[in-house]
2 protein chains.
Amino acid sequence: MDPSLDIVFAALADPTRRRILSMLLEDDMAVTDVAEPFEMSLAAISKHLAILAGAGLISQEKRGRVKWCALEPDALREASIWMQGFGQFEPVNLDAFERFLRNEGLTPEEG
Amino acid sequence: MDPSLDIVFAALADPTRRRILSMLLEDDMAVTDVAEPFEMSLAAISKHLAILAGAGLISQEKRGRVKWCALEPDALREASIWMQGFGQFEPVNLDAFERFLRNEGLTPEEG
DNA sequence: CGCATATTCAACTATCAGGTTGAACATGCC
DNA sequence: GGCATGTTCAACCTGATAGTTGAATATGCG
(Lines give C-alpha, C1' and ligand atoms only; values in the text may rest on other atoms or scores of the structure.)
Protein backbone atom coordinates (compact mmCIF):
# COMPACT_ATOMS: atom_id res chain seq x y z
CA MET A 1 0.00 0.00 0.00
CA ASP A 2 1.15 3.47 -0.83
CA PRO A 3 2.31 5.01 2.45
CA SER A 4 1.57 8.51 1.23
CA LEU A 5 -2.11 7.63 1.24
CA ASP A 6 -1.76 6.83 4.93
CA ILE A 7 -0.47 10.31 5.56
CA VAL A 8 -2.98 12.14 3.40
CA PHE A 9 -5.99 10.32 4.81
CA ALA A 10 -4.70 10.69 8.37
CA ALA A 11 -4.27 14.41 7.80
CA LEU A 12 -7.84 14.64 6.51
CA ALA A 13 -9.24 12.67 9.45
CA ASP A 14 -8.94 15.59 11.87
CA PRO A 15 -11.76 18.16 11.87
CA THR A 16 -9.45 20.99 12.86
CA ARG A 17 -7.28 20.26 9.85
CA ARG A 18 -10.23 20.00 7.47
CA ARG A 19 -11.47 23.32 8.79
CA ILE A 20 -8.04 24.81 8.18
CA LEU A 21 -8.15 23.52 4.62
CA SER A 22 -11.54 25.11 4.14
CA MET A 23 -10.16 28.42 5.38
CA LEU A 24 -7.23 28.18 3.01
CA LEU A 25 -9.57 27.41 0.16
CA GLU A 26 -10.77 30.98 0.46
CA ASP A 27 -7.37 32.62 0.70
CA ASP A 28 -3.75 32.18 1.74
CA MET A 29 -3.21 32.93 5.41
CA ALA A 30 -0.50 33.52 7.98
CA VAL A 31 -0.14 31.00 10.81
CA THR A 32 -1.44 33.46 13.41
CA ASP A 33 -4.49 34.23 11.32
CA VAL A 34 -5.21 30.55 10.78
CA ALA A 35 -5.11 30.06 14.54
CA GLU A 36 -7.35 33.00 15.38
CA PRO A 37 -10.80 31.34 15.15
CA PHE A 38 -9.71 28.22 17.01
CA GLU A 39 -9.90 27.80 20.75
CA MET A 40 -6.53 26.19 21.06
CA SER A 41 -2.98 27.34 21.34
CA LEU A 42 -0.95 28.72 18.48
CA ALA A 43 1.54 25.91 18.96
CA ALA A 44 -1.20 23.34 18.40
CA ILE A 45 -2.24 25.03 15.16
CA SER A 46 1.39 25.21 14.12
CA LYS A 47 1.58 21.44 14.56
CA HIS A 48 -1.57 20.88 12.55
CA LEU A 49 -0.15 23.01 9.77
CA ALA A 50 3.05 20.98 9.82
CA ILE A 51 1.02 17.81 9.44
CA LEU A 52 -0.92 19.28 6.52
CA ALA A 53 2.36 20.38 4.92
CA GLY A 54 3.86 16.94 5.52
CA ALA A 55 0.94 15.44 3.64
CA GLY A 56 1.49 17.91 0.83
CA LEU A 57 -1.96 19.37 1.34
CA ILE A 58 -0.61 22.86 1.95
CA SER A 59 2.59 24.74 1.23
CA GLN A 60 4.25 27.12 3.63
CA GLU A 61 6.45 30.01 2.60
CA LYS A 62 8.14 32.36 4.99
CA ARG A 63 8.20 36.00 3.98
CA GLY A 64 9.75 38.14 6.66
CA ARG A 65 8.42 37.16 10.05
CA VAL A 66 5.28 35.72 8.54
CA LYS A 67 4.82 32.16 7.31
CA TRP A 68 2.15 32.07 4.65
CA CYS A 69 0.08 28.94 4.17
CA ALA A 70 -1.49 28.03 0.84
CA LEU A 71 -3.70 25.15 -0.21
CA GLU A 72 -2.09 22.55 -2.48
CA PRO A 73 -5.09 20.73 -3.91
CA ASP A 74 -3.02 18.50 -6.16
CA ALA A 75 -2.05 16.43 -3.16
CA LEU A 76 -5.60 15.23 -2.98
CA ARG A 77 -5.43 13.85 -6.48
CA GLU A 78 -3.74 10.57 -5.63
CA ALA A 79 -6.13 9.88 -2.80
CA SER A 80 -9.04 10.84 -4.99
CA ILE A 81 -7.83 8.52 -7.74
CA TRP A 82 -7.53 5.69 -5.22
CA MET A 83 -11.13 6.23 -4.24
CA GLN A 84 -12.27 6.47 -7.83
CA GLY A 85 -10.77 3.03 -8.28
CA PHE A 86 -13.76 1.72 -6.45
CA GLY A 87 -15.67 3.17 -9.31
CA GLN A 88 -19.07 2.20 -8.11
CA PHE A 89 -20.38 5.66 -7.53
CA GLU A 90 -21.04 8.48 -9.89
CA PRO A 91 -18.93 11.62 -10.01
CA VAL A 92 -20.07 14.85 -8.46
CA ASN A 93 -23.48 16.08 -9.37
CA LEU A 94 -22.22 19.27 -10.94
CA ASP A 95 -25.63 20.81 -11.44
CA ALA A 96 -26.43 20.41 -7.78
CA PHE A 97 -23.01 21.70 -6.88
CA GLU A 98 -23.43 24.85 -8.92
CA ARG A 99 -26.81 25.43 -7.35
CA PHE A 100 -25.13 25.06 -4.00
CA LEU A 101 -22.51 27.64 -4.94
CA ARG A 102 -25.17 30.11 -5.99
CA ASN A 103 -27.16 29.60 -2.82
CA GLU A 104 -24.09 30.13 -0.72
CA GLY A 105 -23.12 33.23 -2.65
CA LEU A 106 -19.69 31.78 -3.11
CA THR A 107 -19.21 31.58 -6.83
CA PRO A 108 -15.57 31.42 -7.83
CA GLU A 109 -15.56 34.94 -9.24
CA GLU A 110 -16.27 36.45 -5.87
CA GLY A 111 -13.03 35.17 -4.37
CA MET B 1 -25.66 5.72 8.34
CA ASP B 2 -24.16 9.17 8.17
CA PRO B 3 -20.76 8.64 9.73
CA SER B 4 -18.72 11.79 9.83
CA LEU B 5 -15.83 12.40 7.54
CA ASP B 6 -13.56 12.07 10.57
CA ILE B 7 -14.43 8.41 10.87
CA VAL B 8 -14.32 7.67 7.15
CA PHE B 9 -10.94 9.29 6.60
CA ALA B 10 -9.52 7.71 9.75
CA ALA B 11 -10.70 4.32 8.51
CA LEU B 12 -9.03 4.93 5.15
CA ALA B 13 -5.76 6.03 6.75
CA ASP B 14 -4.71 2.49 7.59
CA PRO B 15 -3.08 0.40 4.83
CA THR B 16 -4.48 -2.87 6.16
CA ARG B 17 -7.97 -1.47 5.95
CA ARG B 18 -7.47 -0.10 2.45
CA ARG B 19 -6.20 -3.49 1.38
CA ILE B 20 -9.28 -5.13 2.90
CA LEU B 21 -11.49 -2.77 0.91
CA SER B 22 -9.65 -3.72 -2.26
CA MET B 23 -10.23 -7.38 -1.51
CA LEU B 24 -13.91 -6.80 -0.93
CA LEU B 25 -14.11 -4.99 -4.25
CA GLU B 26 -13.61 -8.39 -5.85
CA ASP B 27 -16.19 -10.25 -3.83
CA ASP B 28 -17.91 -10.53 -0.48
CA MET B 29 -15.84 -12.44 2.05
CA ALA B 30 -16.04 -14.13 5.42
CA VAL B 31 -13.95 -12.70 8.25
CA THR B 32 -11.59 -15.68 8.30
CA ASP B 33 -10.99 -15.41 4.57
CA VAL B 34 -10.34 -11.69 4.82
CA ALA B 35 -7.72 -12.41 7.48
CA GLU B 36 -5.99 -15.19 5.57
CA PRO B 37 -3.46 -13.16 3.52
CA PHE B 38 -2.49 -10.92 6.43
CA GLU B 39 0.31 -11.67 8.84
CA MET B 40 -1.63 -10.64 11.89
CA SER B 41 -4.12 -12.23 14.21
CA LEU B 42 -7.73 -12.86 13.35
CA ALA B 43 -8.73 -10.65 16.26
CA ALA B 44 -6.81 -7.75 14.76
CA ILE B 45 -8.58 -8.20 11.42
CA SER B 46 -11.89 -8.45 13.24
CA LYS B 47 -11.17 -5.07 14.81
CA HIS B 48 -10.25 -3.56 11.44
CA LEU B 49 -13.49 -4.86 9.99
CA ALA B 50 -15.43 -3.33 12.87
CA ILE B 51 -13.80 0.02 12.16
CA LEU B 52 -14.65 -0.23 8.47
CA ALA B 53 -18.23 -1.13 9.36
CA GLY B 54 -18.39 1.75 11.83
CA ALA B 55 -17.39 4.09 9.03
CA GLY B 56 -20.09 2.65 6.82
CA LEU B 57 -17.50 1.46 4.33
CA ILE B 58 -18.55 -2.17 4.63
CA SER B 59 -21.59 -4.06 5.84
CA GLN B 60 -21.47 -7.26 7.85
CA GLU B 61 -24.15 -9.91 7.86
CA LYS B 62 -24.03 -13.07 9.90
CA ARG B 63 -25.29 -16.20 8.20
CA GLY B 64 -24.84 -19.23 10.37
CA ARG B 65 -21.42 -19.20 11.95
CA VAL B 66 -20.03 -17.05 9.18
CA LYS B 67 -20.04 -13.26 9.12
CA TRP B 68 -20.00 -12.01 5.57
CA CYS B 69 -18.41 -8.67 4.73
CA ALA B 70 -19.47 -6.58 1.73
CA LEU B 71 -18.20 -3.29 0.36
CA GLU B 72 -20.51 -0.32 0.87
CA PRO B 73 -19.22 2.29 -1.54
CA ASP B 74 -21.64 5.04 -0.61
CA ALA B 75 -19.51 6.27 2.30
CA LEU B 76 -16.52 6.37 -0.01
CA ARG B 77 -18.55 8.33 -2.49
CA GLU B 78 -19.29 11.06 0.02
CA ALA B 79 -15.64 11.43 0.98
CA SER B 80 -14.59 11.35 -2.64
CA ILE B 81 -16.96 14.14 -3.50
CA TRP B 82 -15.67 16.13 -0.55
CA MET B 83 -12.17 15.85 -1.93
CA GLN B 84 -13.15 16.75 -5.45
CA GLY B 85 -14.42 20.02 -4.06
CA PHE B 86 -10.81 21.08 -3.62
CA GLY B 87 -9.39 20.27 -7.00
CA GLN B 88 -12.00 21.51 -9.33
CA PHE B 89 -13.36 24.67 -7.85
CA GLU B 90 -11.94 27.85 -6.55
CA PRO B 91 -13.13 29.47 -3.31
CA VAL B 92 -15.71 27.43 -1.47
CA ASN B 93 -16.99 27.56 2.05
CA LEU B 94 -16.38 23.96 3.01
CA ASP B 95 -18.50 24.08 6.13
CA ALA B 96 -21.40 24.88 3.87
CA PHE B 97 -20.04 22.41 1.35
CA GLU B 98 -20.23 19.65 3.91
CA ARG B 99 -23.84 20.57 4.65
CA PHE B 100 -24.49 20.39 0.93
CA LEU B 101 -22.92 16.96 0.74
CA ARG B 102 -24.99 15.76 3.61
CA ASN B 103 -28.15 16.73 1.79
CA GLU B 104 -26.91 15.40 -1.53
CA GLY B 105 -25.79 12.13 -0.04
CA LEU B 106 -29.24 11.43 1.26
CA THR B 107 -30.92 12.01 -2.08
CA PRO B 108 -28.39 10.97 -4.71
CA GLU B 109 -30.98 10.34 -7.41
CA GLU B 110 -32.46 13.81 -7.44
CA GLY B 111 -31.28 16.13 -10.19
C1' DC C 1 19.90 48.75 20.52
C1' DG C 2 15.64 47.34 22.61
C1' DC C 3 11.13 45.87 22.21
C1' DA C 4 7.07 43.82 19.92
C1' DT C 5 5.46 40.34 16.75
C1' DA C 6 5.48 35.68 14.46
C1' DT C 7 6.50 31.11 14.85
C1' DT C 8 8.55 26.98 16.59
C1' DC C 9 10.90 24.01 20.09
C1' DA C 10 11.06 21.14 24.18
C1' DA C 11 9.12 18.79 27.71
C1' DC C 12 5.29 16.93 29.53
C1' DT C 13 0.46 14.74 29.99
C1' DA C 14 -3.59 12.30 28.53
C1' DT C 15 -5.87 9.72 25.29
C1' DC C 16 -6.21 6.74 21.33
C1' DA C 17 -4.87 3.21 17.86
C1' DG C 18 -3.07 -1.11 16.55
C1' DG C 19 -1.31 -5.14 17.93
C1' DT C 20 -0.93 -9.52 21.02
C1' DT C 21 -2.85 -13.65 23.67
C1' DG C 22 -6.07 -16.72 25.78
C1' DA C 23 -10.71 -17.36 26.98
C1' DA C 24 -15.48 -17.13 25.73
C1' DC C 25 -19.44 -17.38 22.84
C1' DA C 26 -22.13 -19.12 18.82
C1' DT C 27 -23.06 -22.32 15.39
C1' DG C 28 -22.78 -26.59 12.52
C1' DC C 29 -21.94 -31.52 12.22
C1' DC C 30 -21.47 -36.55 13.53
C1' DG D 1 -23.86 -34.60 23.66
C1' DG D 2 -19.39 -33.56 22.19
C1' DC D 3 -16.25 -31.49 19.23
C1' DA D 4 -14.52 -28.48 15.48
C1' DT D 5 -15.12 -23.98 13.29
C1' DG D 6 -15.94 -18.92 13.10
C1' DT D 7 -15.80 -14.77 15.50
C1' DT D 8 -15.45 -11.67 19.28
C1' DC D 9 -14.19 -10.28 24.09
C1' DA D 10 -11.11 -8.76 27.73
C1' DA D 11 -6.89 -7.50 29.39
C1' DC D 12 -2.80 -5.83 28.32
C1' DC D 13 1.46 -3.54 25.90
C1' DT D 14 3.45 -0.07 22.96
C1' DG D 15 3.82 3.79 20.23
C1' DA D 16 1.50 7.69 18.12
C1' DT D 17 -1.51 11.91 18.50
C1' DA D 18 -3.33 16.11 20.24
C1' DG D 19 -3.09 19.18 23.44
C1' DT D 20 -0.68 22.22 27.15
C1' DT D 21 2.93 25.72 28.82
C1' DG D 22 7.08 28.33 28.89
C1' DA D 23 11.31 29.27 26.64
C1' DA D 24 13.72 30.08 22.39
C1' DT D 25 14.49 31.88 17.74
C1' DA D 26 13.70 35.11 13.91
C1' DT D 27 12.32 39.27 12.08
C1' DG D 28 10.59 44.18 11.81
C1' DC D 29 10.61 48.74 13.61
C1' DG D 30 11.30 53.19 16.26
Side-chain angles (χ1 to χ4, degrees), chain A residues 1-24 27-72, chain B residues 3-24 27-72 75 79:
Chain A
M1 278 289 143
D2 189 338
S4 73
L5 285 177
D6 294 30
I7 296 171
V8 171
F9 282 130
L12 294 175
D14 185 279
T16 297
R17 289 194 287 265
R18 286 204 311 283
R19 191 169 154 205
I20 289 173
L21 291 178
S22 80
M23 291 163 62
L24 293 177
D27 208 351
D28 297 358
M29 297 180 81
V31 173
T32 302
D33 295 328
V34 170
E36 195 272 331
F38 292 93
E39 291 186 348
M40 73 179 67
S41 69
L42 189 58
I45 296 296
S46 179
K47 285 186 188 178
H48 280 303
L49 290 168
I51 289 169
L52 289 170
L57 291 165
I58 66 169
S59 60
Q60 293 185 291
E61 181 197 359
K62 192 166 184 181
R63 289 202 294 271
R65 281 182 299 192
V66 178
K67 199 169 197 175
W68 292 92
C69 306
L71 195 66
E72 289 288 337
Chain B
S4 74
L5 289 173
D6 292 33
I7 295 171
V8 171
F9 282 130
L12 294 176
D14 185 279
T16 297
R17 289 194 288 265
R18 288 200 308 280
R19 192 170 151 205
I20 289 173
L21 291 178
S22 297
M23 292 163 62
L24 292 178
D27 207 350
D28 297 359
M29 296 179 83
V31 173
T32 301
D33 294 328
V34 170
E36 195 273 330
F38 293 94
E39 292 186 348
M40 73 179 67
S41 69
L42 189 57
I45 296 296
S46 179
K47 283 187 189 177
H48 280 304
L49 289 169
I51 290 169
L52 288 170
L57 291 165
I58 67 168
S59 60
Q60 293 184 290
E61 181 197 358
K62 192 166 183 180
R63 290 203 292 271
R65 283 183 296 195
V66 178
K67 198 167 197 177
W68 291 91
C69 306
L71 196 66
E72 287 288 336

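Labels below follow one simple rule: chain letters A, B, ... track the order of the sequence lines, proteins then strands, and each chain is numbered from 1.
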Contacts of Asp33(A) meeting side chain to side chain contact (heavy atoms under 4.5 Å, CB included) (sequence neighbours excluded), chain-then-number -> Met29(A), Ala30(A)
In whole angstroms, the gap separating P of dA18(D) from NE2 of His48(A) amounts to 6 Å
The reported gap from CD1 in Ile20(B) to CG in Leu71(B) (rounded to nearest 0.5 angstrom) is 11.5 Å
Rounded to the nearest 0.5 Å, the OG atom of Ser22(A) sits from the CG atom of Leu24(A) at a distance of 8.0 Å
Mind listing the side-chain donor-acceptor pairs of residues 41-64 of chain A below 3.5 Å, one per line with the distance, residues two or more places apart or on another chain?
| unit_1 | atom_1 | unit_2 | atom_2 | d |
| --- | --- | --- | --- | --- |
| Ser41(A) | OG | Ala44(A) | N | 3.1 |
| His48(A) | ND1 | Arg17(A) | NH1 | 3.1 |
| Ser59(A) | OG | Glu72(A) | OE2 | 3.1 |
| Glu61(A) | OE1 | Arg63(A) | NH1 | 3.0 |

In the 5' to 3' direction, the nucleotides of DNA chain C bounding the stretch that comes under 4.0 Å of a heavy atom in chain A are dA4(C) to dA11(C)
Looking only at heavy atoms, the pair that brings Pro37(B) and Met23(B) closest together is CG-CE, 3.7 Å
Residues Phe9(A) and Leu12(B): closest non-hydrogen pair is CD1-O, 3.4 Å
The contact string for nucleotides 4-9 of chain D, one letter per nucleotide 5' to 3', using protein heavy atoms under 4.0 Å with B, S and - for base, sugar-phosphate only and none, comes out as BBSBBB
Stems field, DNA chain D, Watson-Crick or wobble, 3.5 Å, at least 3 pairs, by first number, holds C:1-30 with D:1-30
Would you tabulate the pairs of protein nitrogen or oxygen atoms and nucleotide nitrogen or oxygen atoms of nucleotides 14-17 of chain D closer than 3.5 angstrom?
none

Note: for Arg63(A) and Ala44(A) on DNA chain D, the residue whose nearest nucleotide lies more 5' is Ala44(A)
